[in-house]
Amino acid sequence: MPKTPDMADIKDRLADILVRTSEAAARGVREGDGCRVIAMSKTHPAGRIREALAAGHRIFGENRIQEAAEKWLDLRQDFPDIELHLIGGLQTNKVKDAVALFDVIQTVDREKLARALKKEMDKSGKTVRLFIQVNTGEEPQKGGIPSSELPALLRCCRDELDLAIEGLMCIPPLDEEPALHFALLKKLAGRFGLEKLSMGMSGDFELAAEMGAHYVRVGTAIFGARISR
Ligand SMILES: *Cc1c(COP(=O)(O)O)cnc(C)c1O
């Protein structure tokens, strides 16, 4: 059992992850920006998140709208310069809340959702940065669009909706070599002229950064084991 980190541990672990990410990114081949770390704070209470904020970190990820609203409406008052990513399944009836709360949504995976996001952004006047989630392992229980359907979704976003897509995100199957999935995501992004890649978690963020990720998503290695909810 990993022991629950105390507050000082969060700061130290975060610093360690940031260094390892930039070293890995520097080893790899990349165009444009370096690699950023999204601190995945889902299940962790605001008090722990504040430790990471106090250490200067500003990029965070959550996977549930309700939980994110409960924590981040307050946190954002104190730290207006945060960049909050939604990295979890999004129902169309929650799109209004998601657009209001998040700066980036990484889980666009169907036309209906893209249409709802476009409509809400037009209505609210707020632009949210968008990534398409690709189900590179073709796992039925997982979110994301199969890679074969990516061209049609992109066409819909670009030609019909005039909706900018910044990049691609994937979550490799647990029992497969992540490098194969990272390589596939990179190939797809190159083929369709997409700029950014979101890939890599606590177990493989250095590999992902080295393979060209612009965002890695690290939860457990910063905050410790997730708290059951
Ligand atoms: C929770 C989560 C992560 C972080 O996972 P860790 O293994 O705890 O680093 C990354 N990506 C997604 C999509 C997640 O839901």
Side-chain angles (χ1 to χ4, degrees), residues 1-5 9-21 24-25 35-45 48-49 51-52 57 59-68 71-72 83-91 94 98 101-110 113 129-145 166-179 181-182 184-186 196-229:
M1 265 298 276
K3 89 174 176 31
T4 307
D9 285 340
I10 290 176
K11 185 168 171 244
D12 293 346
R13 289 185 194 214
L14 176 61
D16 175 58
I17 301 292
L18 292 174
V19 168
R20 285 163 61 190
T21 300
C35 182
R36 310 237 160 137
V37 174
I38 302 173
M40 291 296 293
S41 50
K42 60 177 189 259
T43 82
H44 296 288
R48 282 193 176 178
I49 297 170
E51 284 305 305
H57 200 70
I59 310 175
F60 293 84
E62 292 280 344
N63 71 343
R64 290 189 190 175
I65 311 265
Q66 178 69 29
E67 181 192 335
K71 296 188 295 193
W72 288 96
E83 178 181 308
L84 192 60
H85 293 244
L86 174 63
I87 309 178
L90 177 56
Q91 303 295 319
K94 298 274 175 60
L101 191 59
F102 290 92
D103 304 289
V104 186
I105 293 174
Q106 294 206 3
T107 45
V108 179
D109 63 358
R110 57 200 189 280
L113 179 56
R129 295 159 50 201
L130 302 175
F131 283 63
I132 289 177
Q133 179 181 357
V134 183
N135 187 351
T136 55
E138 317 267 325
E139 295 174 285
Q141 80 284 9
K142 219 170 241 179
I145 191 161
E166 187 169 313
L168 299 177
M169 187 273 274
C170 76
I171 310 170
L174 279 175
D175 56 352
E176 288 182 26
E177 180 50 61
H181 295 271
F182 298 163
L184 172 60
L185 200 69
K186 187 171 182 161
K196 294 201 172 140
L197 300 170
S198 168
M199 57 191 197
M201 309 174 31
S202 288
D204 50 25
F205 68 95
E206 287 169 291
L207 174 68
E210 194 167 339
M211 291 183 70
H214 298 84
Y215 283 108
V216 291
R217 313 176 303 260
V218 182
T220 314
I222 294 170
F223 294 106
R226 274 188 275 288
I227 298 162
S228 54
R229 38 189 175 191

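Atoms within a ligand are numbered from 1 in the order they appear, just like the ligands themselves.
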task = Output, in order, the C-alpha distance, side-chain angles, deciding distance and verdict of salt bridge (charged side-chain N to carboxylate O under 4.0 Å, His left out) for Arg64 and Glu67.
result = CA-CA 6 Å; Arg64 290 189 190 175; Glu67 181 192 335; 5.3 Å; no
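- Every residue two or more places apart in sequence or in another chain that forms a ring-ring contact (aromatic ring centres under 6.0 Å, His included) with Phe60 is listed here: His57, Trp72.
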Protein N/O near ligand 1 N/O, under 3.5 Å, which pairs?
residue  : atom   : partner : partner atom : Å
ligand 1 : 8 (O)  : Thr220  : N            : 2.8
ligand 1 : 8 (O)  : Thr220  : OG1          : 2.4
ligand 1 : 8 (O)  : Arg226  : NH1          : 2.7
ligand 1 : 9 (O)  : Ser202  : N            : 3.0
ligand 1 : 9 (O)  : Ser202  : OG           : 2.5
ligand 1 : 9 (O)  : Gly219  : N            : 2.8
ligand 1 : 11 (N) : Arg217  : NE           : 2.9
ligand 1 : 15 (O) : Lys42   : NZ           : 2.7

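- Applying the side chain to side chain donor-acceptor pair (under 3.5 Å) test to His44 and every residue at least two apart in sequence or in another chain returns Arg48.
- Between His85 and Phe131, a ring centre-to-centre spacing not shorter than 6.0 Å is recorded.
- Within a 6.0 Å radius of NZ in Lys142, other residues, nucleotides and ligands contribute more than 12 heavy atoms.
- Ala15 is linked by a side-chain contact (heavy atoms from CB on, under 4.5 Å) to nothing, counting only residues two or more places apart in sequence or in another chain.
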